Peer 1: 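Before I ask anything, let me first share the structure, which is written out below as C-alpha coordinates.
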Amino acid sequence: MNFVQRLFLSISFLLLMTGFAAPSANPLMQKGWAELIQDNENEAFGYFSQALEIATKEKNTADKAESLFYLGICSYGSSLEKGLQFVTKSLYEYKQLEKTNPEKAHIGRYKCLQLISTIYARQKKYKEAMQLSAEVVAELKDKTDTSGTLGLAYNSLGFLSELKNEKVEAEEYYTLALHEFEKAKNVAYLPSSYCRLGEIAKDRNQKEISVNYFKKALTTAQSTRNKQAQVTALIAMGNWYMKFENDLSQAENYFNKARITSATISDKTFEIKALEALIELKKEEENYQEVSQLQHKILTIKDSFYSFERDQIVKSLEVQFDVSEKNRKLKLISAEHEVSALTNYLLVALLVLLILVFTILYLFLKRINKRDKQLLKTKEELVLVLEEQKQLKQHQFQNDLEFKESQLSAITIQMLEKNELLDEIKTLLNRKEATSETEIKKIVSKYTIQENNWKDFDSHFESVNKNFYTRLKGKYPDISSNDLKICALIKLNLSIKEMASILNISPDSVKTARHRLRKKLQLSTEENLTDFILAV
(Lines give C-alpha, C1' and ligand atoms only; values in the text may rest on other atoms or scores of the structure.)
Protein backbone atom coordinates (compact mmCIF):
# COMPACT_ATOMS: atom_id res chain seq x y z
CA MET A 1 0.00 0.00 0.00
CA ASN A 2 1.68 3.25 -1.18
CA PHE A 3 1.58 6.63 0.53
CA VAL A 4 -1.27 7.95 -1.63
CA GLN A 5 -3.43 4.94 -0.85
CA ARG A 6 -2.71 5.20 2.87
CA LEU A 7 -3.58 8.91 2.91
CA PHE A 8 -6.76 8.26 0.94
CA LEU A 9 -7.68 5.49 3.36
CA SER A 10 -7.06 7.78 6.35
CA ILE A 11 -9.26 10.55 4.91
CA SER A 12 -12.01 8.05 4.18
CA PHE A 13 -11.80 6.77 7.70
CA LEU A 14 -12.03 10.28 9.16
CA LEU A 15 -15.08 10.94 7.03
CA LEU A 16 -16.60 7.72 8.15
CA MET A 17 -15.93 8.04 11.84
CA THR A 18 -17.33 11.56 12.24
CA GLY A 19 -20.63 10.42 10.78
CA PHE A 20 -22.46 9.33 13.90
CA ALA A 21 -26.23 9.67 13.99
CA ALA A 22 -27.84 13.03 14.61
CA PRO A 23 -28.85 13.80 18.20
CA SER A 24 -32.28 13.81 19.79
CA ALA A 25 -34.82 16.63 19.75
CA ASN A 26 -32.81 18.73 22.24
CA PRO A 27 -32.44 22.15 20.47
CA LEU A 28 -28.97 22.84 21.85
CA MET A 29 -27.63 19.49 20.70
CA GLN A 30 -29.22 19.92 17.27
CA LYS A 31 -27.45 23.29 16.94
CA GLY A 32 -24.23 21.66 18.05
CA TRP A 33 -24.69 18.89 15.48
CA ALA A 34 -25.31 21.45 12.72
CA GLU A 35 -22.03 23.18 13.61
CA LEU A 36 -20.19 19.87 13.88
CA ILE A 37 -21.04 18.67 10.35
CA GLN A 38 -19.77 22.02 9.05
CA ASP A 39 -16.41 21.48 10.79
CA ASN A 40 -17.11 24.17 13.42
CA GLU A 41 -15.95 22.08 16.39
CA ASN A 42 -15.53 24.98 18.85
CA GLU A 43 -19.07 26.30 18.31
CA ALA A 44 -20.40 22.73 18.49
CA PHE A 45 -18.48 22.15 21.72
CA GLY A 46 -20.12 25.24 23.25
CA TYR A 47 -23.65 24.05 22.40
CA PHE A 48 -23.03 20.54 23.68
CA SER A 49 -21.50 21.96 26.90
CA GLN A 50 -24.61 24.09 27.50
CA ALA A 51 -26.79 21.03 26.92
CA LEU A 52 -24.69 19.10 29.46
CA GLU A 53 -24.96 21.89 32.05
CA ILE A 54 -28.78 22.03 31.74
CA ALA A 55 -29.11 18.23 31.76
CA THR A 56 -26.99 18.06 34.93
CA LYS A 57 -29.13 20.69 36.70
CA GLU A 58 -32.35 18.99 35.64
CA LYS A 59 -30.93 15.53 36.40
CA ASN A 60 -31.86 14.45 32.87
CA THR A 61 -29.69 11.33 32.53
CA ALA A 62 -30.57 10.71 28.85
CA ASP A 63 -29.55 14.22 27.69
CA LYS A 64 -26.50 14.14 29.97
CA ALA A 65 -25.30 10.88 28.41
CA GLU A 66 -25.92 12.12 24.86
CA SER A 67 -24.27 15.52 25.36
CA LEU A 68 -21.19 13.83 26.85
CA PHE A 69 -21.09 11.52 23.81
CA TYR A 70 -21.08 14.44 21.34
CA LEU A 71 -18.54 16.34 23.43
CA GLY A 72 -16.36 13.28 22.93
CA ILE A 73 -16.83 13.54 19.14
CA CYS A 74 -15.95 17.25 19.26
CA SER A 75 -12.86 16.70 21.40
CA TYR A 76 -11.06 13.68 20.04
CA GLY A 77 -9.97 15.49 16.88
CA SER A 78 -7.78 17.84 18.91
CA SER A 79 -7.21 15.66 21.98
CA LEU A 80 -7.72 11.91 21.87
CA GLU A 81 -7.39 11.69 25.66
CA LYS A 82 -10.07 14.36 26.23
CA GLY A 83 -12.40 12.64 23.79
CA LEU A 84 -11.85 9.34 25.59
CA GLN A 85 -12.68 10.97 28.92
CA PHE A 86 -15.98 12.35 27.64
CA VAL A 87 -17.09 9.10 25.99
CA THR A 88 -16.18 7.11 29.12
CA LYS A 89 -18.38 9.41 31.21
CA SER A 90 -21.14 9.04 28.62
CA LEU A 91 -20.85 5.26 28.86
CA TYR A 92 -21.34 5.50 32.63
CA GLU A 93 -24.43 7.71 32.25
CA TYR A 94 -25.97 5.33 29.70
CA LYS A 95 -25.48 2.53 32.24
CA GLN A 96 -27.48 4.56 34.80
CA LEU A 97 -30.23 4.81 32.19
CA GLU A 98 -30.68 1.02 31.94
CA LYS A 99 -33.48 0.89 34.55
CA THR A 100 -35.62 3.73 33.18
CA ASN A 101 -34.95 3.53 29.43
CA PRO A 102 -33.20 0.24 28.60
CA GLU A 103 -33.55 0.59 24.82
CA LYS A 104 -31.86 3.99 24.70
CA ALA A 105 -29.24 2.82 27.17
CA HIS A 106 -28.52 -0.19 24.97
CA ILE A 107 -28.04 1.83 21.76
CA GLY A 108 -26.09 4.52 23.64
CA ARG A 109 -23.68 1.95 25.02
CA TYR A 110 -22.77 0.67 21.57
CA LYS A 111 -22.50 4.18 20.13
CA CYS A 112 -19.93 4.86 22.86
CA LEU A 113 -18.07 1.64 22.19
CA GLN A 114 -17.85 2.48 18.50
CA LEU A 115 -16.51 5.97 19.27
CA ILE A 116 -13.93 4.44 21.63
CA SER A 117 -12.97 2.08 18.81
CA THR A 118 -12.46 5.12 16.57
CA ILE A 119 -10.22 6.79 19.16
CA TYR A 120 -8.24 3.58 19.64
CA ALA A 121 -7.71 3.37 15.88
CA ARG A 122 -6.40 6.96 15.88
CA GLN A 123 -4.04 5.93 18.72
CA LYS A 124 -2.97 2.97 16.54
CA LYS A 125 -4.42 0.50 19.03
CA TYR A 126 -5.80 -1.48 16.13
CA LYS A 127 -6.32 -4.73 18.04
CA GLU A 128 -8.42 -3.07 20.76
CA ALA A 129 -10.34 -1.05 18.16
CA MET A 130 -11.20 -4.22 16.21
CA GLN A 131 -12.37 -5.99 19.39
CA LEU A 132 -14.75 -3.15 20.27
CA SER A 133 -16.20 -2.84 16.76
CA ALA A 134 -16.60 -6.62 16.65
CA GLU A 135 -18.53 -6.46 19.93
CA VAL A 136 -20.82 -3.75 18.49
CA VAL A 137 -21.48 -5.88 15.40
CA ALA A 138 -22.14 -9.02 17.48
CA GLU A 139 -24.74 -7.17 19.53
CA LEU A 140 -26.53 -5.14 16.84
CA LYS A 141 -26.39 -7.29 13.70
CA ASP A 142 -29.66 -9.12 14.46
CA LYS A 143 -31.47 -6.02 15.70
CA THR A 144 -33.05 -3.01 14.03
CA ASP A 145 -30.53 -0.17 14.21
CA THR A 146 -31.63 3.25 13.01
CA SER A 147 -28.68 5.09 14.55
CA GLY A 148 -26.18 3.95 11.90
CA THR A 149 -23.91 2.52 14.60
CA LEU A 150 -23.90 -0.98 13.08
CA GLY A 151 -22.89 0.37 9.65
CA LEU A 152 -20.12 2.43 11.25
CA ALA A 153 -18.87 -0.66 13.07
CA TYR A 154 -18.79 -2.61 9.79
CA ASN A 155 -16.91 0.24 8.11
CA SER A 156 -14.48 0.37 11.03
CA LEU A 157 -13.79 -3.35 10.68
CA GLY A 158 -13.35 -2.87 6.93
CA PHE A 159 -10.82 -0.10 7.49
CA LEU A 160 -8.89 -2.15 10.06
CA SER A 161 -8.92 -5.21 7.78
CA GLU A 162 -7.64 -3.08 4.91
CA LEU A 163 -4.78 -1.88 7.08
CA LYS A 164 -3.82 -5.54 7.51
CA ASN A 165 -4.05 -5.94 3.72
CA GLU A 166 -7.02 -8.32 4.12
CA LYS A 167 -8.84 -7.17 1.01
CA VAL A 168 -11.50 -9.91 0.97
CA GLU A 169 -12.54 -9.30 4.59
CA ALA A 170 -12.46 -5.54 4.07
CA GLU A 171 -14.76 -5.80 1.05
CA GLU A 172 -17.20 -7.98 3.01
CA TYR A 173 -17.34 -5.47 5.84
CA TYR A 174 -17.72 -2.47 3.51
CA THR A 175 -20.53 -4.29 1.67
CA LEU A 176 -22.32 -5.00 4.95
CA ALA A 177 -21.87 -1.36 5.98
CA LEU A 178 -23.29 -0.18 2.65
CA HIS A 179 -26.28 -2.49 3.08
CA GLU A 180 -26.94 -1.09 6.57
CA PHE A 181 -26.68 2.52 5.40
CA GLU A 182 -28.99 1.91 2.44
CA LYS A 183 -31.50 0.06 4.58
CA ALA A 184 -31.56 2.83 7.22
CA LYS A 185 -31.38 5.56 4.51
CA ASN A 186 -28.33 7.10 6.16
CA VAL A 187 -27.18 8.89 2.99
CA ALA A 188 -24.50 10.85 4.87
CA TYR A 189 -22.48 7.65 5.26
CA LEU A 190 -22.93 6.27 1.73
CA PRO A 191 -20.19 8.17 -0.18
CA SER A 192 -17.35 6.82 1.94
CA SER A 193 -18.67 3.25 1.61
CA TYR A 194 -19.01 3.62 -2.17
CA CYS A 195 -15.50 5.02 -2.38
CA ARG A 196 -13.97 2.21 -0.35
CA LEU A 197 -15.69 -0.50 -2.38
CA GLY A 198 -14.69 1.35 -5.56
CA GLU A 199 -11.03 1.39 -4.46
CA ILE A 200 -11.09 -2.35 -3.76
CA ALA A 201 -12.66 -2.99 -7.18
CA LYS A 202 -10.07 -0.72 -8.83
CA ASP A 203 -7.21 -2.62 -7.16
CA ARG A 204 -8.70 -5.79 -8.71
CA ASN A 205 -8.84 -4.08 -12.10
CA GLN A 206 -12.66 -4.26 -12.09
CA LYS A 207 -13.08 -1.24 -14.30
CA GLU A 208 -16.86 -0.92 -14.60
CA ILE A 209 -17.65 -1.89 -11.04
CA SER A 210 -15.15 0.57 -9.59
CA VAL A 211 -16.30 3.53 -11.72
CA ASN A 212 -19.94 2.84 -10.85
CA TYR A 213 -19.09 2.98 -7.16
CA PHE A 214 -17.16 6.24 -7.61
CA LYS A 215 -20.02 7.83 -9.58
CA LYS A 216 -22.53 6.82 -6.92
CA ALA A 217 -20.26 8.30 -4.26
CA LEU A 218 -19.95 11.60 -6.17
CA THR A 219 -23.67 11.85 -6.91
CA THR A 220 -24.63 11.10 -3.29
CA ALA A 221 -22.04 13.53 -1.89
CA GLN A 222 -23.28 16.31 -4.19
CA SER A 223 -26.92 15.65 -3.25
CA THR A 224 -26.09 15.83 0.47
CA ARG A 225 -23.66 18.77 0.02
CA ASN A 226 -20.98 16.78 1.77
CA LYS A 227 -17.88 18.60 0.58
CA GLN A 228 -15.40 16.22 2.19
CA ALA A 229 -17.07 13.26 0.48
CA GLN A 230 -17.16 15.22 -2.81
CA VAL A 231 -13.39 15.78 -2.67
CA THR A 232 -12.77 12.08 -1.94
CA ALA A 233 -15.05 10.98 -4.80
CA LEU A 234 -13.54 13.50 -7.28
CA ILE A 235 -10.01 12.32 -6.49
CA ALA A 236 -11.15 8.71 -6.87
CA MET A 237 -12.63 9.48 -10.29
CA GLY A 238 -9.42 11.22 -11.40
CA ASN A 239 -7.30 8.24 -10.31
CA TRP A 240 -9.67 5.90 -12.18
CA TYR A 241 -9.23 7.87 -15.44
CA MET A 242 -5.45 7.81 -14.98
CA LYS A 243 -5.37 4.04 -14.47
CA PHE A 244 -7.98 2.69 -16.86
CA GLU A 245 -8.34 5.35 -19.58
CA ASN A 246 -4.93 6.96 -19.38
CA ASP A 247 -6.90 10.16 -19.86
CA LEU A 248 -4.69 12.65 -18.03
CA SER A 249 -6.80 15.61 -19.15
CA GLN A 250 -10.01 14.21 -17.69
CA ALA A 251 -8.15 13.15 -14.55
CA GLU A 252 -6.73 16.67 -14.13
CA ASN A 253 -10.22 18.08 -14.55
CA TYR A 254 -11.45 15.97 -11.60
CA PHE A 255 -8.39 16.81 -9.49
CA ASN A 256 -8.86 20.55 -10.09
CA LYS A 257 -12.53 20.31 -9.09
CA ALA A 258 -11.44 18.49 -5.95
CA ARG A 259 -8.86 21.20 -5.27
CA ILE A 260 -11.41 24.01 -5.69
CA THR A 261 -13.94 22.24 -3.42
CA SER A 262 -11.32 21.38 -0.78
CA ALA A 263 -10.25 25.04 -0.55
CA THR A 264 -13.58 25.81 1.15
CA ILE A 265 -13.11 23.08 3.79
CA SER A 266 -11.47 23.98 7.10
CA ASP A 267 -9.70 20.61 7.23
CA LYS A 268 -6.76 21.26 4.86
CA THR A 269 -5.99 17.55 4.67
CA PHE A 270 -8.43 17.34 1.76
CA GLU A 271 -6.73 20.17 -0.16
CA ILE A 272 -3.36 18.51 0.36
CA LYS A 273 -4.87 15.26 -0.92
CA ALA A 274 -6.09 17.04 -4.10
CA LEU A 275 -2.69 18.68 -4.63
CA GLU A 276 -0.88 15.37 -4.17
CA ALA A 277 -3.15 13.80 -6.80
CA LEU A 278 -2.20 16.63 -9.18
CA ILE A 279 1.49 16.07 -8.38
CA GLU A 280 1.20 12.41 -9.37
CA LEU A 281 -0.48 13.47 -12.61
CA LYS A 282 2.23 16.10 -13.40
CA LYS A 283 4.88 13.48 -12.76
CA GLU A 284 3.20 11.33 -15.40
CA GLU A 285 3.38 14.34 -17.75
CA GLU A 286 6.98 14.93 -16.65
CA ASN A 287 6.06 18.53 -15.86
CA TYR A 288 8.49 18.82 -12.95
CA GLN A 289 8.33 22.60 -12.76
CA GLU A 290 4.62 22.43 -11.87
CA VAL A 291 5.36 19.48 -9.57
CA SER A 292 7.77 21.75 -7.69
CA GLN A 293 5.19 24.54 -7.53
CA LEU A 294 2.52 22.17 -6.23
CA GLN A 295 4.89 20.72 -3.64
CA HIS A 296 5.71 24.26 -2.49
CA LYS A 297 1.99 24.93 -2.26
CA ILE A 298 1.56 21.82 -0.11
CA LEU A 299 4.35 22.95 2.22
CA THR A 300 2.72 26.37 2.55
CA ILE A 301 -0.66 24.77 3.27
CA LYS A 302 0.90 22.40 5.80
CA ASP A 303 2.58 25.29 7.60
CA SER A 304 -0.63 27.28 7.69
CA PHE A 305 -2.60 24.13 8.42
CA TYR A 306 -0.48 23.21 11.43
CA SER A 307 -0.62 26.81 12.61
CA PHE A 308 -4.38 26.78 12.14
CA GLU A 309 -4.57 23.40 13.84
CA ARG A 310 -2.64 24.74 16.80
CA ASP A 311 -4.97 27.74 16.98
CA GLN A 312 -7.95 25.41 16.82
CA ILE A 313 -6.52 23.27 19.58
CA VAL A 314 -5.87 26.36 21.72
CA LYS A 315 -9.40 27.64 21.10
CA SER A 316 -10.82 24.23 21.84
CA LEU A 317 -8.85 24.00 25.05
CA GLU A 318 -9.95 27.53 26.03
CA VAL A 319 -13.60 26.61 25.48
CA GLN A 320 -13.10 23.36 27.37
CA PHE A 321 -11.38 25.27 30.18
CA ASP A 322 -14.22 27.82 30.41
CA VAL A 323 -16.80 25.06 30.46
CA SER A 324 -14.84 23.02 32.99
CA GLU A 325 -14.44 26.11 35.19
CA LYS A 326 -18.19 26.73 35.11
CA ASN A 327 -18.83 23.11 35.88
CA ARG A 328 -16.26 23.21 38.66
CA LYS A 329 -17.86 26.27 40.25
CA LEU A 330 -21.30 24.72 39.97
CA LYS A 331 -19.99 21.54 41.50
CA LEU A 332 -18.35 23.51 44.31
CA ILE A 333 -21.59 25.38 45.08
CA SER A 334 -23.55 22.17 44.89
CA ALA A 335 -20.95 20.39 46.98
CA GLU A 336 -21.09 23.16 49.62
CA HIS A 337 -24.87 22.82 49.88
CA GLU A 338 -24.57 19.07 50.02
CA VAL A 339 -21.83 19.25 52.66
CA SER A 340 -23.86 21.73 54.73
CA ALA A 341 -26.99 19.58 54.53
CA LEU A 342 -25.00 16.45 55.21
CA THR A 343 -23.25 18.11 58.16
CA ASN A 344 -26.59 19.15 59.71
CA TYR A 345 -27.99 15.70 59.12
CA LEU A 346 -24.93 14.08 60.66
CA LEU A 347 -25.05 16.41 63.70
CA VAL A 348 -28.72 15.61 64.33
CA ALA A 349 -28.09 11.93 63.78
CA LEU A 350 -25.06 12.07 66.09
CA LEU A 351 -27.05 13.90 68.79
CA VAL A 352 -29.88 11.36 68.62
CA LEU A 353 -27.33 8.56 68.65
CA LEU A 354 -25.54 10.00 71.68
CA ILE A 355 -28.83 10.42 73.58
CA LEU A 356 -29.78 6.87 72.69
CA VAL A 357 -26.37 5.52 73.68
CA PHE A 358 -26.34 7.38 77.01
CA THR A 359 -29.90 6.25 77.77
CA ILE A 360 -29.06 2.64 77.02
CA LEU A 361 -25.81 2.95 78.98
CA TYR A 362 -27.60 4.49 81.99
CA LEU A 363 -30.24 1.78 82.01
CA PHE A 364 -27.61 -0.90 81.53
CA LEU A 365 -25.44 0.42 84.37
CA LYS A 366 -28.47 0.80 86.61
CA ARG A 367 -29.46 -2.77 85.92
CA ILE A 368 -25.90 -3.98 86.52
CA ASN A 369 -25.70 -2.02 89.78
CA LYS A 370 -28.99 -3.49 90.98
CA ARG A 371 -27.87 -6.97 90.00
CA ASP A 372 -24.49 -6.48 91.73
CA LYS A 373 -26.18 -5.33 94.93
CA GLN A 374 -28.49 -8.33 94.87
CA LEU A 375 -25.56 -10.63 94.12
CA LEU A 376 -23.50 -9.09 96.93
CA LYS A 377 -26.36 -9.53 99.37
CA THR A 378 -26.80 -13.13 98.28
CA LYS A 379 -23.07 -13.77 98.64
CA GLU A 380 -23.04 -12.27 102.12
CA GLU A 381 -25.98 -14.42 103.15
CA LEU A 382 -24.30 -17.48 101.64
CA VAL A 383 -21.05 -16.72 103.47
CA LEU A 384 -22.95 -16.43 106.76
CA VAL A 385 -24.73 -19.73 106.13
CA LEU A 386 -21.46 -21.46 105.19
CA GLU A 387 -19.77 -20.02 108.24
CA GLU A 388 -22.57 -21.25 110.44
CA GLN A 389 -22.40 -24.68 108.84
CA LYS A 390 -18.63 -24.77 109.29
CA GLN A 391 -18.89 -23.84 112.95
CA LEU A 392 -21.65 -26.39 113.42
CA LYS A 393 -19.55 -29.12 111.79
CA GLN A 394 -16.50 -28.16 113.83
CA HIS A 395 -18.56 -28.21 117.01
CA GLN A 396 -20.09 -31.57 116.09
CA PHE A 397 -16.65 -32.97 115.18
CA GLN A 398 -15.23 -31.74 118.48
CA ASN A 399 -18.09 -33.31 120.38
CA ASP A 400 -17.63 -36.61 118.52
CA LEU A 401 -13.92 -36.55 119.17
CA GLU A 402 -14.37 -35.79 122.87
CA PHE A 403 -17.00 -38.53 123.13
CA LYS A 404 -14.78 -41.10 121.44
CA GLU A 405 -11.78 -40.07 123.48
CA SER A 406 -13.86 -40.38 126.67
CA GLN A 407 -15.05 -43.81 125.56
CA LEU A 408 -11.49 -44.88 124.77
CA SER A 409 -10.30 -43.57 128.09
CA ALA A 410 -13.17 -45.34 129.86
CA ILE A 411 -12.35 -48.64 128.16
CA THR A 412 -8.70 -48.22 128.91
CA ILE A 413 -9.41 -47.44 132.57
CA GLN A 414 -11.88 -50.30 132.71
CA MET A 415 -9.29 -52.71 131.34
CA LEU A 416 -6.73 -51.34 133.73
CA GLU A 417 -9.00 -51.64 136.77
CA LYS A 418 -10.18 -55.10 135.71
CA ASN A 419 -6.69 -56.43 135.39
CA GLU A 420 -5.64 -54.81 138.67
CA LEU A 421 -8.60 -56.51 140.30
CA LEU A 422 -7.67 -59.80 138.77
CA ASP A 423 -4.10 -59.38 139.98
CA GLU A 424 -5.37 -58.86 143.54
CA ILE A 425 -7.54 -61.97 143.24
CA LYS A 426 -4.54 -63.97 142.08
CA THR A 427 -2.59 -62.65 145.02
CA LEU A 428 -5.32 -63.63 147.48
CA LEU A 429 -5.70 -67.02 145.94
CA ASN A 430 -2.08 -67.75 146.43
CA ARG A 431 -2.91 -68.06 150.13
CA LYS A 432 -5.70 -70.74 149.72
CA GLU A 433 -5.57 -74.50 149.25
CA ALA A 434 -4.32 -76.01 146.04
CA THR A 435 -7.60 -77.35 144.58
CA SER A 436 -9.49 -74.08 144.92
CA GLU A 437 -6.57 -72.15 143.66
CA THR A 438 -6.44 -74.03 140.41
CA GLU A 439 -10.09 -73.49 139.69
CA ILE A 440 -10.04 -69.85 140.56
CA LYS A 441 -6.90 -69.28 138.48
CA LYS A 442 -8.58 -70.92 135.48
CA ILE A 443 -11.62 -68.69 135.82
CA VAL A 444 -9.48 -65.63 136.24
CA SER A 445 -7.25 -66.57 133.29
CA LYS A 446 -10.31 -67.30 131.16
CA TYR A 447 -11.72 -63.91 131.96
CA THR A 448 -8.42 -62.20 131.47
CA ILE A 449 -7.78 -63.53 127.93
CA GLN A 450 -11.16 -62.63 126.53
CA GLU A 451 -10.92 -60.55 123.38
CA ASN A 452 -14.22 -58.65 123.63
CA ASN A 453 -12.68 -55.82 125.59
CA TRP A 454 -9.87 -55.53 123.03
CA LYS A 455 -12.38 -55.46 120.19
CA ASP A 456 -14.21 -52.56 121.80
CA PHE A 457 -10.87 -50.89 122.45
CA ASP A 458 -9.74 -51.30 118.83
CA SER A 459 -13.04 -49.95 117.52
CA HIS A 460 -12.90 -46.79 119.60
CA PHE A 461 -9.17 -46.36 119.01
CA GLU A 462 -9.58 -46.51 115.20
CA SER A 463 -12.43 -43.99 115.27
CA VAL A 464 -10.11 -41.51 117.00
CA ASN A 465 -6.91 -42.44 115.11
CA LYS A 466 -8.05 -43.13 111.55
CA ASN A 467 -6.16 -45.92 109.74
CA PHE A 468 -3.44 -46.08 112.42
CA TYR A 469 -3.18 -49.88 112.22
CA THR A 470 -3.43 -49.85 108.43
CA ARG A 471 -0.58 -47.33 108.07
CA LEU A 472 1.68 -49.36 110.37
CA LYS A 473 0.91 -52.66 108.62
CA GLY A 474 1.47 -50.96 105.23
CA LYS A 475 4.93 -49.71 106.21
CA TYR A 476 5.94 -52.74 108.32
CA PRO A 477 4.23 -55.93 107.10
CA ASP A 478 6.05 -58.15 109.69
CA ILE A 479 4.47 -56.44 112.71
CA SER A 480 2.21 -58.72 114.83
CA SER A 481 -1.16 -58.08 116.48
CA ASN A 482 0.49 -57.91 119.95
CA ASP A 483 2.93 -55.37 118.52
CA LEU A 484 -0.06 -53.32 117.27
CA LYS A 485 -1.54 -53.40 120.80
CA ILE A 486 1.77 -52.14 122.22
CA CYS A 487 1.76 -49.37 119.56
CA ALA A 488 -1.83 -48.39 120.41
CA LEU A 489 -1.03 -48.17 124.14
CA ILE A 490 2.11 -46.10 123.35
CA LYS A 491 -0.08 -43.84 121.14
CA LEU A 492 -2.27 -43.28 124.27
CA ASN A 493 0.95 -42.25 126.06
CA LEU A 494 0.54 -44.89 128.84
CA SER A 495 3.37 -45.85 131.14
CA ILE A 496 5.10 -49.27 131.08
CA LYS A 497 3.38 -50.24 134.31
CA GLU A 498 -0.04 -49.28 132.92
CA MET A 499 0.66 -51.14 129.71
CA ALA A 500 1.75 -54.26 131.68
CA SER A 501 -1.46 -54.16 133.74
CA ILE A 502 -3.68 -53.83 130.62
CA LEU A 503 -1.82 -56.57 128.76
CA ASN A 504 -1.72 -58.70 131.94
CA ILE A 505 2.03 -59.19 131.68
CA SER A 506 4.99 -58.07 133.72
CA PRO A 507 6.70 -54.70 133.15
CA ASP A 508 9.82 -56.56 132.03
CA SER A 509 7.77 -58.35 129.39
CA VAL A 510 6.49 -54.94 128.22
CA LYS A 511 10.08 -53.70 127.96
CA THR A 512 11.05 -56.84 126.05
CA ALA A 513 8.06 -56.31 123.71
CA ARG A 514 9.03 -52.66 123.18
CA HIS A 515 12.60 -53.73 122.37
CA ARG A 516 11.40 -56.24 119.77
CA LEU A 517 9.07 -53.57 118.36
CA ARG A 518 11.98 -51.12 117.90
CA LYS A 519 13.82 -53.73 115.83
CA LYS A 520 10.77 -54.39 113.63
CA LEU A 521 10.36 -50.65 113.14
CA GLN A 522 14.08 -50.43 112.36
CA LEU A 523 14.67 -47.59 114.84
CA SER A 524 18.19 -46.54 115.79
CA THR A 525 19.26 -46.20 119.39
CA GLU A 526 19.03 -42.38 119.15
CA GLU A 527 15.36 -42.44 118.03
CA ASN A 528 12.60 -42.38 120.67
CA LEU A 529 9.92 -45.08 120.21
CA THR A 530 7.16 -43.02 121.81
CA ASP A 531 7.89 -39.98 119.59
CA PHE A 532 7.92 -42.21 116.50
CA ILE A 533 4.53 -43.82 117.37
CA LEU A 534 2.93 -40.45 118.20
CA ALA A 535 4.04 -39.12 114.79
CA VAL A 536 2.38 -41.97 112.84
Side-chain angles (χ1 to χ4, degrees), residues 348-418 451-496 498-499 502-503 514 517-518 520-524 526-536:
V348 172
L350 183 61
L351 183 61
V352 172
L353 181 63
L354 286 173
I355 293 171
L356 184 62
V357 168
F358 281 121
T359 303
I360 293 172
L361 186 62
Y362 171 75
L363 294 173
F364 180 70
L365 292 175
K366 186 177 180 181
R367 183 178 177 183
I368 289 177
N369 187 39
K370 183 179 179 181
R371 186 189 65 186
D372 288 345
K373 285 182 179 179
Q374 186 66 35
L375 186 61
L376 182 61
K377 184 179 179 181
T378 304
K379 284 183 178 179
E380 289 175 351
E381 291 175 354
L382 181 60
V383 168
L384 289 174
V385 171
L386 290 174
E387 187 66 28
E388 289 176 0
Q389 288 181 350
K390 182 179 177 181
Q391 290 178 1
L392 185 62
K393 284 182 180 180
Q394 287 179 348
H395 184 66
Q396 184 177 358
F397 176 74
Q398 188 66 31
N399 290 340
D400 290 344
L401 185 61
E402 290 176 358
F403 175 72
K404 288 176 181 178
E405 286 179 348
S406 65
Q407 281 186 323
L408 183 59
S409 299
I411 292 171
T412 305
I413 293 168
Q414 185 181 2
M415 292 171 66
L416 185 61
E417 289 176 349
K418 178 195 73 173
E451 294 294 330
N452 290 334
N453 289 333
W454 273 110
K455 287 181 180 179
D456 291 339
F457 175 83
D458 288 341
S459 176
H460 288 290
F461 182 81
E462 274 287 293
S463 65
V464 175
N465 301 281
K466 293 289 185 182
N467 300 322
F468 178 76
Y469 292 145
T470 304
R471 288 197 297 275
L472 279 175
K473 288 291 285 182
K475 290 182 179 180
Y476 309 100
D478 295 335
I479 199 166
S480 66
S481 58
N482 286 331
D483 292 332
L484 291 173
K485 289 179 182 178
I486 295 293
C487 290
L489 295 175
I490 293 172
K491 184 76 172 177
L492 293 174
N493 206 15
L494 297 181
S495 66
I496 292 175
E498 290 172 334
M499 292 167 62
I502 291 172
L503 296 171
R514 283 170 62 96
L517 181 61
R518 285 179 65 86
K520 289 182 180 181
L521 297 177
Q522 301 174 358
L523 297 177
S524 63
E526 290 82 8
E527 290 181 284
N528 186 281
L529 177 62
T530 302
D531 292 340
F532 177 81
I533 295 299
L534 290 173
V536 174

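Source: prediction; values computed, not measured.
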Peer 1: Do L503 and I486 come close enough that some side-chain heavy atom pair is under 4.5 Å?
Peer 2: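 With C-beta onward as the side chain, the pair touches.
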
Peer 1: Do the side chains of F468 and C487 get nearer than 4.5 Å, heavy atoms only?
Peer 2: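 C487 vs F468: side chains touch.
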
Peer 1: Looking only at heavy atoms, what is the nearest atom pair of Y469 and A488, with distance?
Peer 2: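 That closest heavy-atom pairing would be OH-CB, 3.4 Å.
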
Peer 1: Do R367 and R371 come within less than 4.5 Å of each other through their side chains, counting heavy atoms only?
Peer 2: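 R367 does not reach R371 side chain to side chain.
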
Peer 1: So I490 and L534, side-chain contact (heavy atoms from CB on, under 4.5 Å) or not? Walk me through it.
Peer 2: CA-CA 8 Å; I490 293 172; L534 290 173; 5.7 Å; no

Peer 1: Measuring from I360:CD1 to L353:CG, what's the distance to the nearest 0.5 Å?
Peer 2: 8.5 Å

Peer 1: Rounded to the nearest 0.5 Å, how far does CG of N493 lie from CD1 of I533?
Peer 2: 12.0 Å

Peer 1: Can you tell me if N528 uses its side chain to pair, donor with acceptor, with the backbone of D531 under 3.5 Å?
Peer 2: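 Checking the backbone N and O of D531 against the side chain of N528, a donor-acceptor pair under 3.5 Å is found.
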
Peer 1: Side chains of I368 and D372, heavy atoms from C-beta outward: is any pair under 4.5 Å?
Peer 2: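 With C-beta onward as the side chain, the pair touches.
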
Peer 1: Short question: side chain of R518, backbone of E527 - any donor-acceptor pair under 3.5 Å?
Peer 2: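 The answer is yes, because a donor-acceptor pair under 3.5 Å joins these two groups.
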
Peer 1: Looking at CD of E387 and CG of L382, how far apart are the two atoms once the value is rounded to the nearest 0.5 Å?
Peer 2: 11.5 Å

Peer 1: Just to verify, what does K520 make a salt bridge (charged side-chain N to carboxylate O under 4.0 Å, His left out) with, not counting sequence neighbours?
Peer 2: D483

Peer 1: Under the 3.5 angstrom rule, does the side chain of E498 hit a backbone N or O of S495 as a donor-acceptor pair?
Peer 2: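 The answer is yes, because a donor-acceptor pair under 3.5 Å joins these two groups.
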
Peer 1: Before giving the answer on side-chain contact (heavy atoms from CB on, under 4.5 Å), spell out for L484 and K473 the whole-Å C-alpha distance, their side-chain angles and the decisive distance to 0.1 Å.
Peer 2: CA-CA 9 Å; L484 291 173; K473 288 291 285 182; 4.1 Å; yes

Peer 1: Looking at M499 and L494, what are the two nearest heavy atoms and their distance?
Peer 2: SD-O, 3.7 Å

Peer 1: Rounded to the nearest 0.5 Å, what separates atom CG in L386 from atom CD in E388?
Peer 2: 9.5 Å

Peer 1: Take K373 and N369 through the test side-chain contact (heavy atoms from CB on, under 4.5 Å) and record every step on the way to the result.
Peer 2: CA-CA 6 Å; K373 285 182 179 179; N369 187 39; 3.7 Å; yes

Peer 1: If you round to the nearest 0.5 Å, how far is CG of L517 from CZ of F532?
Peer 2: 8.5 Å

Peer 1: So do the side chains of T530 and K491 get within less than 4.5 Å of each other, counting heavy atoms only?
Peer 2: no

